[in-house]
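To start, the structure itself, in structure tokens.
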Amino acid sequence: TLFAMGSSAKAFTGALVAQADTDDIIKLSEPISKYYPLVFFNDYLTKNVTFKDLLTHNSGIAGNDLVWIISKMNRDELLNAIQYLPPSKGLREAFQYNNIMYFYFML
């Protein structure tokens, strides 16, 4: 569109992912690695981050919004860049708003 949607798309994304869970396409509580080879900074995160963690901003990885706001990287390159973003908190330890984690749902 001519105008950015902002975070209003997160509500739609959450609803669609919840529907996929209800329809047994995915499970919110299962690791993403079961469905897609998304790589995080360390093996623990790669093996344990769930859809719910991404939707609720509890991955342990802070915003890093400048990575995508000023970058010319495409979606696939941004998803690959996730592996270089070190966590600033433990998994599920704190809410840390992070737009980049929603890029996963655009696959």
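These figures come from a predicted structure and were not determined experimentally.
In this structure, Pro87 and Phe41 approach most closely via the heavy-atom pair CD-CD2, 3.6 Å. Residues Leu54 and Ser59 approach most closely at CD2-CB, 4.5 Å, considering heavy atoms. Nearest heavy atoms, Ile25 versus Tyr35: O-CE2, 3.7 Å. When all heavy atoms of Gln96 and Ser88 are compared, the pair lying nearest together is NE2-OG, 2.6 Å. Closest approach of Thr13 to Leu55, counting heavy atoms only: CG2-CD2, 4.4 Å. What you find for Phe51 and Ile32 is that their closest heavy atoms are N-CG1, 3.7 Å.
Residue-environment remark: NZ (Lys89) stays at or below the threshold of 12 foreign heavy atoms within 6.0 Å.
Atom CG of Leu45 sits about 10.5 Å away from atom CG of Leu38, to the nearest 0.5 Å. With rounding to the nearest 0.5 Å, the separation of CG in Asp53 from CG in Asn98 is 12.0 Å.
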TODO: Test side-chain contact (heavy atoms from CB on, under 4.5 Å) on Leu85 and Ile100 and set out the steps.
DONE: CA-CA 10 Å; Leu85 301 176; Ile100 295 173; 4.2 Å; yes
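Among Asn58, Ile61, Asn48, the one residue that satisfies the side chain to side chain contact (heavy atoms under 4.5 Å, CB included) test with Leu91 is Asn48.
Both Tyr44 and Val49 are members of a single hydrophobic cluster when ILVMFWY side chains are connected at heavy-atom separations under 4.5 Å. In the hydrophobic cluster analysis, where Ile, Leu, Val, Met, Phe, Trp and Tyr join through side-chain heavy atoms closer than 4.5 angstrom, Leu78 is grouped together with Met101.
No donor-acceptor contact under 3.5 angstrom links the side chains of Asp43 and Thr46, judged on distance only. Counting only N and O atoms by type, the side chains of Thr50 and Glu30 include no donor and acceptor under 3.5 Å apart.
Side-chain atoms of Lys47 do not come within 3.5 Å of backbone N or O of Pro31 as any donor-acceptor pair.
Asn99 has its side chain within reach of Lys10: a pair of non-hydrogen atoms, C-beta onward, lies under 4.5 Å apart.
The aromatic rings of His57 and Phe95 sit perpendicular, their planes meeting at an angle over 60°, well past the 30° parallel limit.
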